[in-house]
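Taking it in order: structure first as structure tokens, then the write-up.
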Amino acid sequence: MASSQMPKSILKKKTAYPATASSQAKADRDRETAVYHANILKTRKETELDVLLSTETLLDYPTSSQPADNPSVEDATTLKALLKPFQPSDYDALIIERNIENRCGFALCPKPNRKDTSGQKFRFIGQSGRAENFKIVHTAELEKWCSEACARRALYIRVQLSESPAWEREAVESRVKIDLLDEPKSVEMTVAEDLQRLNLNDNAFQHNQQGRADLAMERGDQGFTARNGLVDVKILERNVQRQPEAPSSNEGELSGQFSNMHLALEGHTPSFDTRNKIGHDGDDEMMDWKM
Amino acid sequence: MSADEDRRVKQLEAGNREAARMWRAWRTIHQMVQDRGYTLAEEEVNMSLREFKDKHCSNDGHVSKANMKFSAHPSDDMMRKYSTPPTLREPNPPAPDIGPIWCEFLEADNVGIKHLRTFAQYLSANNFHTGILITSVNITPSALKIIPAVANETRIETFNEQDLLVNITHHELVPKHVLLSKEEKSALLERYRLKDTQLPRIQMTDPVARYMGLRRGQVVKIIRKSETAGRYASYRLCV
Ligand SMILES: [Zn+2]
């Protein structure tokens, strides 16, 4: 009798492989994931190369010998365009590279950077010993620029750069506009600027811009990576058919509230025995949102 | 001894120290190039300090790095090592990814994008497959980004003089590393029925890997001497 029975295997039962359809779906999903990550990597690489090439271009700036407080229009425009994908760290790298080439750290300055020959590590800055404009500064910090004015010009740009890497920036952020401390003062530019200020639609344009930014924020628009994300999240508004009703505050309810006010957590009173009661008639009203 | 003479002596001593330092780096880089399989004349590799001074030092003992550069061609043996064996599917495999190498010492207090770009342009213009740039200071991070950017034209490696003062592979605790050819690699994997990713690994940034100029996917045989087991070989995949 024992011999007629099949011996029971102690090994794990082989689970049948999922049907071809689902393994096909899995393969598709895997492929999608791979493509998604490859795309992120690609964008990232492209941006980094972009920043590198821009750094190389800006090493030899300015192209004209215009002084730093009145740069040429083309140089200023290119600078603003090239700096857009930069993070502050990239910008710092640019300054270092310019200093290696013996140039002032501010990209629109044609002068060489200062060289301190004293060999001291720190320097005093300030006049007449007044406390508020008296500073002790690293010599290395001073050697980045030709003058203090240029340091201000360069740092004025730095604070406008976005901390997040360009490939992760949100749609709104990627529309960074960089201003210079000293904009070009050529005639056409001034006229153009005045015209822009005169532009009647400017206000509307700004309003529009703001509106778009708000919308992007509200939708949770998060730039390339999230826009083409793996999870497709759709938020739907829930339709409530019931007539809206003003919250009532009649005596009975109020006194009821007072009696268990000590149980309230940030205004919410946890209830246990009344849960079912709310459950069957009030569930829908309690939640007017749905994923 | 007058103060003037004193200073002269000190200068000379400093010059001598610097010359000895540079000579050691010069010797190591030659050994490295030779160990990788490039052809170099023995007298170039084993140059004495005196010869080095005659060749690269000025009268006051200062080392002039401007002339510290050389090139070498891969030996037939090295070509074989880097070649892809023909298979049934691909009877005509691509030519071995190896070629002449150029080594150069750079005299600069700061090494930035410009230096690396110039170096890369020099390599491309002269059809050097590989270039080794030896600097006395660290290269800026953005300059190092040039290396991957030009990777499809030429292969740049950088070393710090400091790291070349001794030849690490001559240290008794560093086992012998031998690069496997593609053919040997596939034979190894077949013999042990492995995928290459199942091998232990060696980082491309590992000092010995850098010395050998290992590339991702190459396998090295590491031969250790064991007191109990005689010679003992292990294999590592470069990642
Ligand atoms: Zn300046």
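Chain naming here is simple, since letters A, B, ... match the order of the sequence lines and numbering starts at 1 in each.
- Neither the backbone nor the side chain of A:Asn99 comes within less than 4.5 Å of any heavy atom of chain B.
- In terms of non-hydrogen atom pairs under 4.5 Å with chain A, the most contact-rich of B:Asn110, B:Ile146, B:Ile113 is B:Ile113.
- Results of the side-chain contact (heavy atoms from CB on, under 4.5 Å) test with B:Met204 over B:Arg210, B:Gln218, B:Arg216 single out B:Arg216 as the only residue that passes.
- The closest side-chain donor-acceptor pair between A:Gln66 and A:Ser72, if any, does not fall under 3.5 angstrom.
- To the nearest 0.5 Å, atom CG of residue A:Leu181 and atom CG of residue A:Asp179 are 10.0 Å apart.
- Ranking A:Glu48, A:Lys45, A:Glu97 against chain B, the residue ahead of the rest is A:Glu97, based on heavy-atom pairs under 4.5 Å.
- Contacts of A:Leu53 with chain B are made by side-chain atoms alone, with heavy-atom separations under 4.5 Å and no backbone atom involved.
- Interface residue B:Ala143: backbone and side-chain heavy atoms are both found under 4.5 Å from chain A.
- Residue B:Glu157 forms a side-chain contact (heavy atoms from CB on, under 4.5 Å) with just one option from B:Ile147, B:Thr130, B:Ile134, and that option is B:Thr130.
- How far CZ of B:Phe128 is from CD1 of B:Ile101: 9.5 Å, rounded to the nearest 0.5 Å.
- Taking chain A as the reference chain and counting heavy-atom pairs below 4.5 Å, the highest number among B:Asp109, B:Val111, B:Thr140 is found for B:Thr140.
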